[in-house]
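Worksheet: the structure to be examined is printed underneath.
Quick note on labels: first sequence line is chain A, next is B, and so on, each numbered from 1.
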Amino acid sequence: MGKHRESRHEESSKHKRHKDDKKYESRPGTSKTSYSKRHKRYSDSDSSDEQSGVEKQRLQDLRERDEFAERLKLKDKEKTRNIVTGFDKKAYEEAAKRLKLESDDRNKIIPKLRIESRRKYLEKRKDDKVAELEADIIDDEFLFQEDELTERERKDREHKKKLLQLAKEHEKARELEKVQRYHMPHDARKGKTEEKYEEVDEREKAPHYEQRKWEEEQMSSAVFRFGARDAKEKRIKDEGKDYDLVLDDQIEFIQALTLPGTKDEKDDEEKLSETQKKRLTLEETRRSLPIFPFKEDLIQAVKDHQVLIIDGETGSGKTTQIPQYLYDAGFTKDKKKIGCTQPRRVAAMSVAARVAEEMSVKLGNEVGYSIRFEDCTSERTIIKYMTDGTLHREFLSEPDLQSYSVMIIDEAHERTLHTDILFGLVKDIARFRPDLKLLISSATLDAQKFSDFFDEAPIFRIRGRCFPVDIYYTKAPEADYIDACVVSILQIHATQSLGDILVFLTGQEEIETCQELLQERVRRLGSKIKELIILPVYSNLPSDMQAKIFLPTPPGARKVVLATNIAETSLTIDNIIYVIDPGFCKQNNFNSRTGMESLIVVPISKASANQRAGRAGRVAAGKCFRLYTAWAYQHELEENTIPEIQRINLGNAVLTLKALGINDLVHFDFLDPPPHETLVLALEQLYALGALNHHGELTKLGRRMAEFPVDPMMGKMLLASEKYKCSEEILTISAMLSVNGAIFYRPKDKIIHADTARKNFFAVGGDHLTLMNVYNQWAETDFSTQWCYENFIQHRSMKRARDVREQLAGLMERVEIELVSNPTETANIRKAITAGYFYHVARLSKGGHYKTVKHQQTVTIHPNSSMFEDLPRWVLYHELVFTTKEFMRTVSEIESKWLLEVAPHYYKPRELEDSTNKKMPKQVGKSRAELGDH
DNA sequence: GAGCACTGC
C-alpha cells in the first residue's frame, strides 16, 4: 500500500484545527487553480525518480484524471446554464409530449388490464375465503363439543356450514356449465375508480401511478374483510355478554418507571384541536407548534454562532419551521439556499411538500427536494430538503457547498453512515467559509457529544410533544421471547382497555412464527375474546400487505402489529397504545479481517429501547412492556447502538472521500472513527482495483469509479464492461445486485412454489446470469406486475432495479462509456464481473469444500444459489455472509485463467495451479467449459 | 440444505 503523500489533515487534528486554513486551497474543486497546484507539487517532490517509466505513467494518469474531472465539471455547468437560459422549456415540452403519448397508450391498455387483474384477484380471494371457512368449521368442531356451545354459537356454526355448502354448489354448477359467470358487475368501488380514471388526474402523470392505484384497490378490498369480521363482534355487543378470560400462563410484569411526556391525559382540549387541525388555518397550526415561541431567539442564535446544535424532541416542528424562520430572517437574500438533510427519502419528500404548502408555493419551485432518482428542485429553489446521501454526492460537484448559506443536518442522532461522514466534511468547510451556518439537530442524549465535536457549539433546546409512557419489566427473564410475546399480547388483549399493540421482533421468520402461534391461540379462544387483527410488517413484505397496518381498526376490535425495526423509525402507526419489546434486533456487522458480513440477533441499546417505548405515546398515554428485567436494562444493554460507520464495509465511502481530495483518511475528523483495519482494508482493495496508485493517490480509473454510487468492486466491474463489450448486460447485473436479497419472495406457506419458480430462471454460468435472466424476462413482459406475481418476484424490487439501471446507464455516459450489448457472450460477461470481483474468489479443495483464495477461509455456497449442486472448481461470489455458516451469496462459475487476464498484478500463475486436480472425483470440480458444455 | 434487520447514493 502506498503512503499518503498529501496529508491535508495530518496537522489539523482536533486540537489545532483553526491554524492552517491555507491547506484547503489544495482541495480539487475549491478553486480553479487547485488542480495545477497539485500537479506542481507532485513534480517538485518527486523529481528524483521522475525519469522512471512508472513515474511518468503516474503523472500522465493524474493529468488524465484531472482532465476528466474538468470535463465532468463542464458538463455540470452546461446543464445548469440550460436551465437558466430557458432551453429547458423545449425539453420540458418534449417530455410532456412523451408523457402524454405514454399515458394515451396506457389509457387504452390499462383499464383492460385492471379489470383482468381485479377479476383474477377476486377469484383467488373467493377460493381463499372458501378454504378459510372450511378450515374454520373443522377447527370449531374439533375444539368445541356441540353441547358446550351457547345458542348463538350453535347458530353461528350452522350458518357457516350452510354458507360453505352454498359456495361449493355454486362452484360445481359453474364447472358443469363450463362458462364464466359474471364478476361483480355492480361493484360500486370499481365504477368509481373507472370514473376517477377518466378525469384528468395530475397524479396519473407521476411515475408508478398504476402500481399505487392497484395497491389502493387491494387495500380497499381489505377493508371489507374487516367489516365482515366485525359482525361477530357486534353480536357479542348486542347480546351484551362476554366471557371472563383466564389465561393459563401469565407473565408477571412490574412497573418500574414512566417515560415522562410533555402532555398528559388532561390535555383533552389539545387532543380535540388535533382532530380539528385540518380546519385550522396553516398559520394557526404553525403558531401552535412548540418551536414557535422560540422563533426570534433561534434566529438570533443562528446569527451569533456559526454552528448550533438543536436539541429538538419529536413533534417540536423543527424540521418544517426552522428553514422557514431562517428564510424570513433573510438568510437566502444573496441567492443562496437553505439545505436540510434527512436520513430517509419519504421524510425529505413529505416535509418538503408540507413546507411548500405552508409557504403557499408550488413544490419544486422555491421549496423543493432532491433524492436519488428524483430531483424536484429548480434554479428558483431556496429551501431544499434532501437525503444525507444526496448531499454526500453533491459534495463531488460542489466541494465547498458554495450555493448554500445554511445547512441543517436533521436527525443527526440516528448516526447513519452518510450523516457521520457529513459531520467531518461540513466541519471542515465551516472553517474556510465563515458565512456558512450549520445547524445539527439531534435528540437530547447526543446533543452534548455533537457540541463537543463542533468546538463547543451552543445547544438550543426545544421541547417536543408526546404523552407519558409507563414502562413495565418482567419479574424474571423469559426463556422464549416469541412465546412470551404471544402470551403478553393475549394478556393485554384480555385485561387492558382498547388500543392497538406494536410488537418488535427481529425478522420475517420470527414474525411469521409469532403470527402462526398467535392465530392458533386466538382461534382456540374463539369468541371468548374480542376480535384481534394480526398484521405483520417488515421491509420485504409486498407493499399492499404493508399498507394494511395503516387501516383504521374497526370499533370494538384490537390491532396487533408484528414489526421489525422498520417500525422503530421508518414508519409510524397511529393509535398504538401498547408496545411489547423483547429487546432484540438483527444487526449487520462487517469483519474487516475476514471481509465477512454477519447478520446476527443482538440485544438492543437503551437508546433503541426508549425509542421503541416512545412509539406508545404518540396519541395518548401508553404502556410499554419490556420482556426483560429492569436489572438487565440497567446492566446489560449498551447506552447507544454502535454507529453504522464502525460496523460496515467502507469501500465506497473511502473512494468518495478520496475523490473529494481527502487523502489522509486515518486522520480524518470523524465523530467516532471507524476501526483502523476497516479503513486499511478499503484502501487495500482500492489499490488492488487500480483506483489508487502506489502513492495512495486517486487514479483516473478511481475518479471514474467514484462517479458510481456503488461499491468499488461493482464500479470496477462497470468500467471493465467497456473492454468486454457487454456494458448493457453488466448494467443489468449491477442493478439486480443492488437490490439483492429482495428479488425472490418466499412466503412461508408457498415455499415450494416459490422455489420452483426461482429455479426456472437458473442460467448456465451461475447466479449473476440468473439475475440478468430474471430482469430480461421481466423487461420482455413490458415490466408487468402480473408476471412478478406469477413468478414470486418482488415487483417493488424489480422497479427499483429498473430505476438503478437507468441511473447507472446515465452515469456510464457521464464517464464516457458507450452502451453495447452482447447477451450471448456469457464468458465475456463473466470476465467483466471477474475484473471487478477478483477479490471474491474461492476454489474447491480436496475435501469437497470451498476455500477463499485470499484468506484460505472455508466457505459454503448458499443453498439458494443455482450453483449449490454444481460445485464448480472456481467460483466468484458477490458477498460473504455469516448466518448459520459462512455462506457465499450470489455465486458464478469462473475459470482460473481469467484471473490472470483481469488481475495480473494480484494473482501469480503459481497460486492458481490446481494441485488437487487429479485427485478429484470425475464430476466434482470439473468446470462446464472443460466438459464441453459451454 | 438455508432462512437476508434497516436505510441510503
*Just jot down the ring-ring contact (aromatic ring centres under 6.0 Å, His included) partners of A/Y404, sequence neighbours excluded, or say none.*
none
*Atom NE2 of A/H418 to atom C1' of B/dC6: distance rounded to whole Å?*
13 Å
_Side chain of A/I371 only, heavy atoms from C-beta on: which candidate in B/dC9, B/dC4, B/dG1 is closest?_
B/dC9
_Distance check needed: B/dC4 P versus A/L880 CG, whole Å only._
15 Å
*Mind telling me whether A/H768 and A/H878 have parallel, tilted or perpendicular rings, with 30° and 60° as the class edges?*
perpendicular
*asked:* I'd like to check A/D388 versus A/I421 (side-chain heavy atoms, cut-off strictly below 4.5 Å). Are they in contact?
replied: no
*Could you please name the option among B/dA2, B/dC6, B/dC9 that lies closest to any side-chain atom of A/R345?*
B/dC9
*Could you give the CG-to-P distance, from A/D375 to B/dC9, as a whole number of Å?*
12 Å
*B/dC6 C1' sits how many Å from A/E510 CD, rounded?*
15 Å
*Would you indicate what A/R372 reaches in the nucleic acid, counting non-hydrogen atoms under 4.0 angstrom: base, sugar-phosphate, or nothing?*
base
*asked:* Quick check for you: among B/dC9, B/dT7, B/dC4, whose closest atom lies nearest to any side-chain atom of A/N540?
replied: B/dC4
*Minimum side-chain heavy-atom gap A/F373-A/E806 below 4.5 Å*: no
*Would you call A/R372 and A/D803 a salt bridge, using N to O less than 4.0 angstrom?*
no
*asked:* Once salt bridge (charged side-chain N to carboxylate O under 4.0 Å, His left out) is applied, what residue pairs with a partner in residues 580-592 of chain A remain, sequence neighbours excluded?
replied: A/D581-A/R612
_Does B/dC9 have OP1 or OP2 under 4.0 Å away from a side-chain N or O of A/T387?_
yes
_Using a heavy-atom cut-off of 4.0 Å across all strands, would you classify A/F887 as base, sugar-phosphate, or nothing?_
sugar-phosphate
*Do the side-chain N and O atoms of A/S441 and A/D410 include a donor-acceptor pair separated by under 3.5 angstrom?*
yes
*Of all the base pairs, Watson-Crick or G-U under 3.5 Å, which form stems of three or more consecutive pairs involving DNA chain B?*
none
*asked:* Looking at A/E816, I'd like to know if its CD atom is crowded, meaning that more than 12 non-hydrogen atoms belonging to other residues, nucleotides or ligands lie closer than 6.0 Å.
replied: yes
*asked:* Taking any heavy-atom pair under 4.0 Å as a contact, classify A/L599: base, sugar-phosphate, or nothing.
replied: base
*Mapping A/F708 and A/S539 onto DNA chain B by nearest heavy atom, which one lands closer to the 5' end?*
A/S539
*Base, sugar-phosphate, or nothing for A/Q508, non-hydrogen atoms under 4.0 angstrom?*
sugar-phosphate
*Of all the choices, B/dC9, B/dA5, B/dA2, which nucleotide is nearest to the side chain of A/R647 once you look at every atom?*
B/dA5
*asked:* Without decimals, in angstroms, what is the distance between A/N649 CG and B/dC9 P?
replied: 19 Å
*Contact nearer the 5' end of DNA chain B, comparing A/V710 with A/Q587*: A/Q587
*Check the distance between B/dT7's P and A/Q546's CD and give it to me in whole angstrom.*
8 Å
*Choosing from B/dG8, B/dC4, B/dA5, which nucleotide comes nearest the side chain of A/N864?*
B/dC4
*How many Å lie between CD1 on A/I648 and C1' on B/dC4, as a whole number?*
16 Å
*asked:* From CD of A/Q611 over to C1' of B/dC6, roughly how many Å is that when rounded to an integer?
replied: 13 Å
_N/O (side chain, A/T416) to phosphate O (OP1/OP2, B/dG8) under 4.0 Å_ = no
*At under 4.0 Å between heavy atoms, what does A/F373 touch on the DNA or RNA strands: base, sugar-phosphate, or nothing?*
nothing
*asked:* Is the phosphate of B/dC6 approached by A/T564 (side-chain N or O, under 4.0 Å from OP1 or OP2)?
replied: yes
*For the side chain of A/P863, counting heavy atoms from C-beta on, which of B/dC4, B/dG1, B/dC9 is nearest?*
B/dG1
*Go through A/M736 and A/I733 one step at a time and tell me if the side-chain contact (heavy atoms from CB on, under 4.5 Å) criterion holds.*
CA-CA 5 Å; A/M736 290 296 277; A/I733 291 169; 5.8 Å; no
